[in-house]
Each structure stands twice: as C-alpha cells, then as structure tokens.
Amino acid sequence: MGRDRVMGAERTPLIAGNWKMYKTEAQSEGYIQALLPRVSSVSGVDIAVCVPYTDLRAMVDSARGSRVEVYAQNMHHEPQGAFTGEISALMLSELDVAGVVLGHSERRQLFGETDKALALKVPAALEAGIAPILCVGESEEERDEGETERKLRHQIGEDLAGVRDERLAEVTIAYEPIWAIGTGRVATPEQAQEAIAFVRALVGGRSPAAAEQVRILYGGSVKPDNAAELLELPDVDGALVGGASLEAESFAAIVAAAQS
Ligand code: 13P
C-alpha cells in the first residue's frame with residue numbers, strides 16, 4: 001500500500017444511502033419529502049438512495065427533477081428468463097432507476113453472491129445504462145491476518161473482469177470493510193485512505209486514465225459526526241451509508257459534509 005494519490009482528477013463526490021431491507025413504499029414517501037428540501041441547494045455532490053425494489057417506482061416519481069437519484073440494491077445479469085425471484089437491469093431501466101448496488105457483503109455472505117456472478121452483473125448494468133456501485137472489502141479475520149490487499153485484489157480482478165478498460169471509470173467502487181458495517185466501528189482515516197488508494201492503484205494497473213476518474217466510496221458506520229474526516233481524504237470520493245441514511249436529517253448532514 002502507500003501509493004501516492006493519482007493527481008489531477010476532478011471527481012464529483014457521491015453520497016449514496018443504502019436502505020437495505022428498510023422502509024415500505026408508504027414510509028419511503030415521507031422520507032423523500034423530508035430529504036428533498038434539505039438537499040435542494042446542494043451543489044457539487046451527487047446523491048443517491050438505494051432502496052428496496054418495492055419502493056423504486058414511488059421514489060423515482062417523487063425524486064424526479066431533484067438532485068436525488070434512485071438506485072436498486074441488486075439485479076440479475078440476464079435481461080429476462082426463468083429466474084424466479086430475480087429482477088433484471090431492463091426492468092430497472094424501464095422504471096428510470098439510475099443505478100444499482102452490486103456485491104454488497106450482505107449479499108455475498110447471506111445470499112451466496114459470487115465473484116463469478118458479479119463479473120456478469122457489472123457489465124450487464126453498464127450495458128443497460130444502470131450505474132453500478134460495486135462493493136468490495138475484507139472481513140475482520142482477513143484484516144487481522146494481513147489479507148486485506150489480497151482480498152481486494154481478488155475482488156477487483158474478478159468482479160471487473162467483464163468490463164472493458166474504456167468503461168472502467170463508469171463503475172463506482174465502494175470499499176466497505178465488513179467489520180465496519182453496522183458495528184459503529186468506523187475505519188480510521190488512515191485505514192480508509194490506504195485501502196482506497198490501493199483499490200485505485202488496482203484499477204490503474206488496467207487503465208491509468210480510469211484510475212484517475214473512477215469514484216471510490218468508503219462505507220461502514222459513516223455518520224454525520226465522522227463523515228467530514230473521511231470525505232476529505234484524497235482518494236475517498238464519497239460514502240455508501242447504511243444506518244445513518246435511514247433518517248433524512250442525518251443523511252442530509254452527510255451530504256452537507258461532502259459539500260464542504
Ligand atoms: P452502516 O453505515 O450501517 O455501517 O452500513 C454500511 C453499509 O453496509 C452500506 O452499504
């Protein structure tokens with residue numbers, strides 16, 4: 001690790017809220033009405049909320065014309081087929097869904113999401129015009145054993161294998177150390193910067209231009225009171241926020257931290 005920051009890049013920060021399996025459609029409506037006025041004067045920050053499938057249509061309609069984009073939390077790589085319970089990029093794009101979270105550690109750990117599947121999903125999302133946020137990150141055990149870089153190299157290598165170099169910069173990568181997710185144990189600024197610079201260098205190994213442009217977010221116990229110190233790090237281009245995105249007020253406070 002310890003590579004120098006790639007200089008000269010102008011990357012717009014992205015603050016994305018991952019609701020996980022929270023909020024019914026009715027609950028989502030109150031949230032977006034509370035969020036929109038709080039972020040209406042924000043500039044220079046992209047904002048996304050990644051919501052359950054059942055909330056997508058209402059959220060897209062309510063957020064239309066605002067600076068808030070609506071993302072899904074998973075998708076299948078095929079446009080259609082005999083895949084009971086799955087949703088395709090085509091289905092998302094017809095709803096005007098802007099993007100999708102892929103490879104979240106909860107999907108990897110609890111639902112058997114594989115690197116092989118992600119190698120198909122990431123290019124399928126790009127092909128359909130759905131912006132992918134690819135999540136990567138090590139477990140506590142892997143970090144303790146000094147395996148963080150190996151894990152990141154493996155995930156980045158496998159999951160982006162199907163993306164052509166020219167399109168690499170269109171993928172947003174979220175570095176989410178599993179031990180920091182939902183635990184209140186946020187990575188230190190040094191840990192976040194080091195891992196994210198390493199991920200950027202991995203992308204640079206394929207395309208130096210893409211490494212300058214690709215957005216890499218930090219995720220894991222981001223809160224209004226720790227967001228600023230993470231977001232000011234040279235290689236951190238935003239945050240993927242779980243728990244603190246569930247209240248419009250705290251999510252808006254993290255957006256504000258990205259602006260300043
Ligand atoms: P928390 O912010 O609740 O730790 O969740 C992080 C996360 O998993 C976002 O995808």
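Both counts, for ligands and for their atoms, begin at 1 and track the order of listing. Positions are given from 1 along the sequence. Computed from heavy atoms alone, side chains included, the values below leave out hydrogens, waters and symmetry copies.
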Heavy atom of [X], distance to ligand 1 below 4.0 Å:
X      : result
Ala244 : no
Ser221 : yes
Lys20  : yes

Main-chain N/O of Gln193 paired with Tyr218 side-chain donor or acceptor, under 3.5 Å: no
Does [X], backbone or side chain, put an N or O under 3.5 Å from an N or O of ligand 1?
X      : answer
Gly242 : yes
His104 : yes
Val241 : no
Glu106 : no
Ile181 : no
Thr183 : no

Compute whether any side-chain donor of one residue and acceptor of the other, for Glu113 and His104, lie under 3.5 angstrom apart. no
Is it true that Trp179 and Glu141 share a donor-acceptor pair across their side chains at a distance under 3.5 Å? no
Write down the atom of Gly137, the atom of Lys151, and the distance for their closest heavy-atom approach. O-NZ, 3.4 Å
Looking only at protein heavy atoms, which one is nearest to atom 7 (C) of ligand 1, and what is the separation? Glu176 OE2, 3.2 Å
the protein heavy atom lying closest to atom 3 (O) of ligand 1 turns out to be Gly243 N, 2.8 Å
Classify the ring geometry between Phe251 and Tyr31 as parallel (under 30°), tilted (30 to 60°) or perpendicular (over 60°). tilted
Number the atoms of ligand 1 from 1 as they appear, then name those within less than 4.0 Å of a heavy atom of Leu240, with their elements. 9 (C), 10 (O)
Run the numbers for me: atoms of ligand 1, each under 4.0 Å from some heavy atom of Gly220, listed by number. 4 (O), 6 (C)
From [X] atom [atom1] to [Y] atom [atom2], the distance as rounded to the nearest 0.5 Å:
X      : Y      : atom1 : atom2 : value
Lys121 : Asp159 : NZ    : CG    : 11.0 Å
Leu102 : Leu120 : CG    : CG    : 11.0 Å
Asp235 : Ile196 : CG    : CD1   : 7.5 Å

Check each heavy atom of Ala180 against ligand 1 and say whether those closer than 4.0 Å belong to the side chain, the backbone, both or neither. backbone
Between side-chain atoms of residues 64-71 and protein atoms elsewhere (two or more places apart, or another chain), which donor-acceptor pairs fall under 3.5 Å?
residue, atom, partner, partner atom, Å
Arg64, NH1, Asp96, OD2, 2.9
Arg64, NH2, Asp61, OD1, 3.1
Ser66, OG, Ala63, O, 2.6
Ser66, OG, Val68, N, 3.0
Arg67, NE, Val42, O, 3.3
Arg67, NH1, Val42, O, 3.3
Arg67, NH2, Val45, O, 2.3

